[in-house]
Amino acid sequence: MEDKLKIVGGTPLKGTIKTQGAKNAALPVMAASLLLKNATLTLENVPKLKDITTMVDLLKVLGADISFHDHKVSISVPDSISWETPAPLVQKMRASSLVLGPLLAREGRAVMPLPGGCSIGSRPIDLHLKGLAKMGASIELQHGAVHASTKGLKGCRIYLDFPSVGATENLLMAAILAEGETVLENVAREPEIVNLADSLRTMGAKIEGEGTGVLRIQGSPDLQGGNVRIIPDRIAACTYILAGVISDGEVTVSDVIPQHFDSLLAKLEEASVDVSFDGNSVSVGPSRKKLKAISLKTLPYPGFPTDVQPQLMAVMSLAQGTSVIKESIFESRFLHVSELKKMGADVELQGNTAIVKGVNHFNCSEVMATDLRAGAALILAGLATEGETVVHGMGHVERGYENIEVNLSSVGAKIASDIGDEDG
Ligand code: EPU
């Protein structure tokens, strides 16, 4: 069984799309609820997505009581919970590893199967484990699972070799219940980290420095429940803006924080796209016919996000001139290239750099989404293609975009899902 989406492109999109809450902010905040005992954390603006349901399932298996209605998740955590993370849930979603820090901090032990690689790279968690070990955890790998234990985590200074988003989140959460002060250096500065720190502060944590390269945390054992709000999804917002650009349409994304995707907006201006702002909305005007090639390198925030690289590559495939796109975060996040080439894109890969020569149009094709953002890129390409494009592997896309089909249809896209058995 596989889900596919049919797109009849060539129509300029017109209208406003409201942005969903951020998946990558909601997941760590949900994991952070495990630091609580006999208390409830309520999150608002949580997107309805497969990955969120996986985290709900994981927290339930560990012992939390959860309700999820109308984009609101309430997580009540009892005094005693399990510390063993089941392999099927970790294998389903790498972000399941975010429960490791909170479990170890509150229970003094945790067992978690190693999440393993995925289509965009090997994605080790060595930085998470190294940091937890420095805080006093004993970590062993047995039969492909991490067995971590501690008599009590201790505050210390940890320098991350790379500003990993997940390692920053795991160590930040663990440090909340550690004894004394923890200083995390060279940490990730993503808005999702700021949302996590704000949420932890609502729970009673003492944190300084979120959004900078250094986090200072004073261990604070007395936490309480509370209400937190998840920030808008900057990656979904970027994807819908690019849908406007690639369709040569006029699209506004509302309910966004434009500063969170300044790097894309700067690149769009460089590419001659008409961009305008009105409070929490960003609009693009018809620009495809004058699109100019650009060069970019993906970097940790506030650099250009790797999660928008595939979508921007689809757009740049139709620009005038040659764009150079360098991926520096993941080792193999170019699986969309072969599919874009099937559609007529002219892309040459040289190691982790893609040389994208603009072409006039894409051709109708059947293509395969190999991961979430690759799928988004192929949908964008389909919106620009006269005739029918079929994107297979929509299950990946549903992990990160709530109602993408409905949202794009609402601004004029001719798009329909077709769930059927591939073998007949
Ligand atoms: N890395 C290591 N060792 C570690 C941790 C990371 O070598 O211990 C490497 C990774 O292999 C990768 C790079 O560092 O090459 C970046 O990984 P990072 O830890 O920053 O990413 P992540 O926490 O696994 C989050 C998002 C990703 C997003 C990246 C980068 C969540 C749930 N996931 O992943 O989102 O691409 O940060 O911004 O927050 C997506 O939404 O499509 C997605 C993949």
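All ligand and atom numbering here is 1-based and tracks the order in the structure.
The distance criterion of under 3.5 Å between nitrogen or oxygen atoms is met by Val165 with respect to ligand 1. Distances between N or O atoms of Arg123 and those of ligand 1 include at least one value under 3.5 Å. For the pair Pro163 and ligand 1, the shortest N or O to N or O distance does not fall below 3.5 Å. Inclusion of Thr306 in the set of residues having an N or O under 3.5 Å from an N or O of ligand 1 is not warranted.
Within the 4.0 Å heavy-atom criterion, neither part of Tyr301 lies near ligand 1.
Checking Lys326, His336, Arg333 one by one against Gln309, the side chain to side chain donor-acceptor pair (under 3.5 Å) holds for a single residue, His336.
Residue Pro124 holds the heavy atom nearest to atom 6 (C) of ligand 1 of all those in Pro28, Gly166, Pro124, Ala236. Selection from Asp307, Ile329, Val308, Asp371 by nearest heavy atom to atom 15 (O) of ligand 1 gives Ile329.
With 3.5 Å as the limit, one finds a donor-acceptor pair spanning the side chains of Thr42 and Ser74. Using modelled atom types and a 3.5 Å distance limit, the side chains of Ser283 and Glu250 yield no donor-acceptor pair.
Salt-bridge check for Glu210 with Arg201: passed, with a basic side-chain N closer than 4.0 Å to an acidic carboxylate O. Between Asp57 and Lys60, none of the side-chain N atoms (NZ, or NE/NH1/NH2) sits under 4.0 Å from a carboxylate O, so this pair counts as no salt bridge. No salt bridge links Lys23 with Asp307; every basic N to acidic carboxylate O contact stays at or beyond 4.0 Å. Arg157 has no carboxylate O lying under 4.0 Å from a charged side-chain N of Glu181, or vice versa, which leaves the two without a salt bridge.
The closest donor-acceptor contact from the side chain of Ser164 to the backbone of Leu160 lies at 3.5 Å or more, if one exists at all. The closest donor-acceptor contact from the side chain of Asp248 to the backbone of Arg288 lies under 3.5 Å. Under a 3.5 Å cut-off, the side chain of Ser247 and the backbone N or O of Leu13 do form a donor-acceptor pair. Not a single donor-acceptor pair under 3.5 Å links the side chain of Asp255 to the backbone N or O of Ile17.
Looking only at protein heavy atoms, the nearest one to atom 42 (O) of ligand 1 is Arg373 NE, 2.9 Å. The nearest protein atom to atom 33 (N) of ligand 1, hydrogens excluded, is given as Asn24 ND2, 3.7 Å; this is a heavy-atom distance. The shortest contact between atom 19 (O) of ligand 1 and any protein heavy atom is with Ser164 OG, 2.6 Å. Protein heavy atom in closest approach to atom 3 (N) of ligand 1: Asp126 OD1, 2.7 Å. Residue, atom and distance of the protein heavy atom nearest to atom 29 (C) of ligand 1 are Phe330 CZ, 3.9 Å.
Heavy-atom proximity to Phe162, at under 4.0 Å, picks out these atoms of ligand 1: 13 (C), 14 (O), 16 (C). Close approach of ligand 1 to Lys23 is summarised as follows: ligand atoms under 4.0 Å from at least one heavy atom of the residue are 40 (C), 41 (O). Within ligand 1, the atoms closer than 4.0 Å to a non-hydrogen atom of Ala95 are 32 (C), numbered from 1 in the order shown. Short contacts between ligand 1 and Ile125, defined as distances under 4.0 Å to a heavy atom of the residue, involve ligand atoms 4 (C), 8 (O).
Of all non-hydrogen atoms in Leu129 and Val146, the two that sit nearest each other are CD2-CG1, 3.9 Å.
Distances from atom 9 (C) of ligand 1 to the protein include no heavy-atom value under 4.0 Å.
Contact annotation: Glu331 has no heavy atom less than 4.0 Å from any atom of ligand 1. Put simply, part of Arg333 is less than 4.0 Å from ligand 1, judged by heavy atoms.
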